[in-house]
Amino acid sequence: MKTNKIIYYIVTALLTAVMLFSVSMYFFQHDMIKGAFESFGYPTYIIYPYAIAKLLGLVAIWLPGYKTLKEWAYAGFFYAFILAFFAHYMIGDGQQGTAVVALIALAVSYIFYKRINK
C-alpha cells in the first residue's frame, strides 16, 4: 500500500507540474498561445477559461474526498490530452510529446488513485 501511495503522489505531482506549466503559458505567454490556438483553428476567447478549468481540475484531483468530482477531472484531462495530441499531430508542429507525457502520467495517476482507494 505504501508503494502505491508513493507512486501515486510522484506521478500526480508530475502531472501537476505539466499542467501548471501549461496554465502559466496561457497566462504569461498569451500572444504565443493565441497564435497556436489560431493555427489549430480554435477560438482564442477560450484561452483564459480553459486555463482556469485546468486549475480547477488540478484542485479536484488533489482534494481529499469528492470522488465524483475527481472522476470528472480525470475524464476532462483525458479528453483534453487526447485532443491536444491530435491537434499538434495534425498541424505537424512536433509538440505532441507533452500531451503523450501528460496522458501517461494521467493514466498512471488514475490507476494508482483507484488502487489506494479500494
Side-chain angles (χ1 to χ4, degrees):
M1 182 68 154
K2 187 175 181 180
T3 304
N4 288 343
K5 282 187 177 184
I6 291 169
I7 292 170
Y8 169 75
Y9 285 116
I10 289 172
V11 173
T12 306
L14 173 66
L15 175 65
T16 301
V18 169
M19 295 308 295
L20 289 176
F21 174 75
S22 171
V23 168
S24 71
M25 294 293 288
Y26 283 32
F27 285 122
F28 302 118
Q29 299 291 327
H30 187 267
D31 291 334
M32 184 180 77
I33 298 299
K34 184 177 178 182
F37 269 57
E38 288 170 346
S39 70
F40 295 142
Y42 297 159
T44 57
Y45 62 83
I46 67 170
I47 293 172
Y48 290 128
Y50 190 43
I52 292 168
K54 287 181 176 186
L55 287 174
L56 291 174
L58 286 176
V59 168
I61 286 176
W62 282 103
L63 275 178
Y66 302 101
K67 291 183 180 187
T68 303
L69 191 58
K70 262 185 216 295
E71 295 283 338
W72 278 88
Y74 276 113
F77 282 140
F78 174 78
Y79 289 114
F81 298 155
I82 292 292
L83 293 173
F85 172 81
F86 282 108
H88 287 288
Y89 178 78
M90 295 305 285
I91 67 166
D93 67 357
Q95 298 296 317
Q96 63 268 21
T98 306
V100 171
V101 168
L103 188 58
I104 291 168
L106 181 75
V108 173
S109 173
Y110 182 75
I111 289 166
F112 281 90
Y113 163 69
K114 292 303 233 178
R115 283 186 185 175
I116 63 177
N117 287 299
K118 281 187 179 180

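- For the pair His30/Tyr48, a side-chain contact is recorded, criterion being any heavy-atom separation below 4.5 Å from C-beta on.
- Atoms CD1 and CD1, from Ile116 and Ile111 in turn, are 13.0 Å apart once rounded to the nearest 0.5 Å.
- Contact record, Lys54 with Phe77: O-CZ, 3.5 Å, taken as the closest heavy-atom pair.
- For the pair Ile61 and Tyr113, the minimum side-chain heavy-atom distance is 4.5 Å or more.
- Using a 4.5 Å heavy-atom cutoff, the side chains of Ile52 and Phe27 are in contact.
- The two residues Val23 and Ala51 come nearest to each other via the heavy atoms CG2-O, 3.7 Å.
- Applying the ring-ring contact (aromatic ring centres under 6.0 Å, His included) test to Phe37 and every residue at least two apart in sequence or in another chain returns Tyr26, Tyr42.
- In this structure, Leu14 CG and Met19 CE are separated by 11.5 Å, a value rounded to the nearest 0.5 Å.
- Residues satisfying the salt bridge (charged side-chain N to carboxylate O under 4.0 Å, His left out) test with Lys5, not counting sequence neighbours, are none.
- A 4.5 Å side-chain heavy-atom check between Leu15 and Phe81 finds at least one atom pair inside the cut-off.
- Cluster membership for Phe86 and Leu83, using ILVMFWY side-chain heavy atoms within less than 4.5 angstrom, is not shared.
- Nearest heavy atom pair, residue Val11 against residue Ala105, reads CG1-O, 3.1 Å.
- Taking a 6.0 Å sphere around CH2 of Trp72, one finds it holds 12 or fewer heavy atoms contributed by other residues, nucleotides or ligands.
- Of all heavy-atom pairs between Tyr66 and Pro64, the closest is CD1-O, 3.4 Å.
- Linking Ile, Leu, Val, Met, Phe, Trp and Tyr residues whenever their side-chain heavy atoms come within less than 4.5 Å leaves Leu55 and Phe21 in two separate clusters.
- Taking both residues in full, the closest heavy atoms of Pro43 and Ile46 are given as O-CG1, 3.1 Å, listed atom of the first, atom of the second, then distance.
- Residues satisfying the salt bridge (charged side-chain N to carboxylate O under 4.0 Å, His left out) criterion with Glu38, sequence neighbours excluded, are absent altogether.
- Contact of the Gln96 side chain with the Met90 side chain is not registered, since no non-hydrogen atoms from C-beta on lie closer than 4.5 Å.
- The two residues Ala73 and Gly57 come nearest to each other via the heavy atoms CB-O, 3.7 Å.
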